[in-house]
Amino acid sequence: QVQLVESGGGSVQAGGSLRLTCVASGYAYSNYCMGWFRQAPGREREGVAVIDSGGTTSYADSVKGRFTISTDNAKNTLYLQMNSLKTEDTAMYYCAGGFSGSSFAGIVHYSNLISYWGQGTQVTVSS
């Protein structure tokens, strides 16, 4: 049984930091891409960051330079370090796994085909 379990969300003031964690189980975690997506109320889901099986990372323009995605394959864990948070970063953040893709834009475009999703963790940034 595949499980992706996120944690680390919370409320923070603008300019602050949070680190999200996603623990994966039930599939060959390290053979695929993993990523973080987010969805704010009334808005479509958007891709935030992706890391492939070789460790190559890609980011949405809106978070470049502020967010860092990383993995600890020994722990089957995915991280998202979020610094310099802005109010517009407020959203439910979802971990996704078990997919592949050649470009960030393509992965995001076809994200509805991703099979493995976590339950989400809420991030709220106040001014």
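Quick caveat, the model's predicted, so the values are computed rather than measured.
- One hydrophobic cluster holds both I114 and Y94 under the rule that ILVMFWY side chains link at heavy-atom gaps under 4.5 Å.
- No continuous path of ILVMFWY side-chain contacts below 4.5 Å connects W117 to M34, so the two sit in separate hydrophobic clusters.
- When every heavy atom of G106 is checked against every heavy atom of S103, the shortest pair comes out as N-OG, 3.0 Å.
- Nearest approach of Y93 to V48, heavy atoms of both residues: CE2-CG2, 4.2 Å.
- Taking the six-membered ring for Trp and thresholds of 30 and 60 degrees, Y116 and Y27 have ring planes inclined between 30 and 60 degrees apart.
- Considering all non-hydrogen atoms of both residues, A14 and S127 come closest at CB-CA, 4.4 Å.
- L78 CG to T21 OG1: the interatomic distance, rounded to the nearest 0.5 Å, is 8.5 Å.
- Side-chain atoms of S17 and N83 include a donor-acceptor pair closer than 3.5 Å.
- Within a 6.0 Å sphere centred on CD of E88, other residues, nucleotides and ligands contribute more than 12 heavy atoms.
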May I have the list of side-chain donor-acceptor pairs in residues 1-12 shorter than 3.5 Å, sequence neighbours left out?
from : atom 1 : to   : atom 2 : distance (Å)
E6   : OE1    : Q119 : N      : 2.9
E6   : OE1    : Q119 : NE2    : 3.4
E6   : OE1    : G120 : N      : 2.8
E6   : OE2    : C95  : N      : 2.7
E6   : OE2    : G120 : N      : 3.3

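- Using cut-offs of 30° and 60° on the angle between ring planes, the pair F99 and F37 is perpendicular.
- Placement of F67 and V123 within a single hydrophobic cluster is found when ILVMFWY residues are connected by side-chain heavy-atom separations under 4.5 Å, directly or transitively.
- In this structure a side-chain-to-backbone donor-acceptor pair under 3.5 Å is missing from Y29 to V23.
- To the nearest 0.5 angstrom, F104 atom CZ is 13.0 Å from D52 atom CG.
- Here the closest heavy-atom approach between residue L20 and residue M82 is recorded as CG-CE, 3.7 Å.
- Of the inter-residue distances, the one linking C22 atom SG with L80 atom CG reads 10.5 Å to the nearest 0.5 angstrom.
- The shortest heavy-atom contact between A49 and Y59 is CB-CD2, 3.5 Å.
- More than 12 heavy-atom neighbours from other residues, nucleotides or ligands sit within 6.0 angstrom of OH on Y79.
- Judged as a side chain to side chain donor-acceptor pair (under 3.5 Å), the pairs with a partner in residues 63-76 (not counting sequence neighbours) are, in order, D61-K64, R66-D89.
- Heavy atoms only, all atoms of each residue included: C33 and S100 are closest at SG-CA, 3.9 Å.
- If you take CG on L85 and OG1 on T124, they are separated by 10.5 Å, rounding to the nearest 0.5 Å.
- Within the structure, side chain to side chain donor-acceptor pair (under 3.5 Å) pairs that include any residue of residues 40-50 comprise R38-E46, R45-S111 (at least two apart or interchain).
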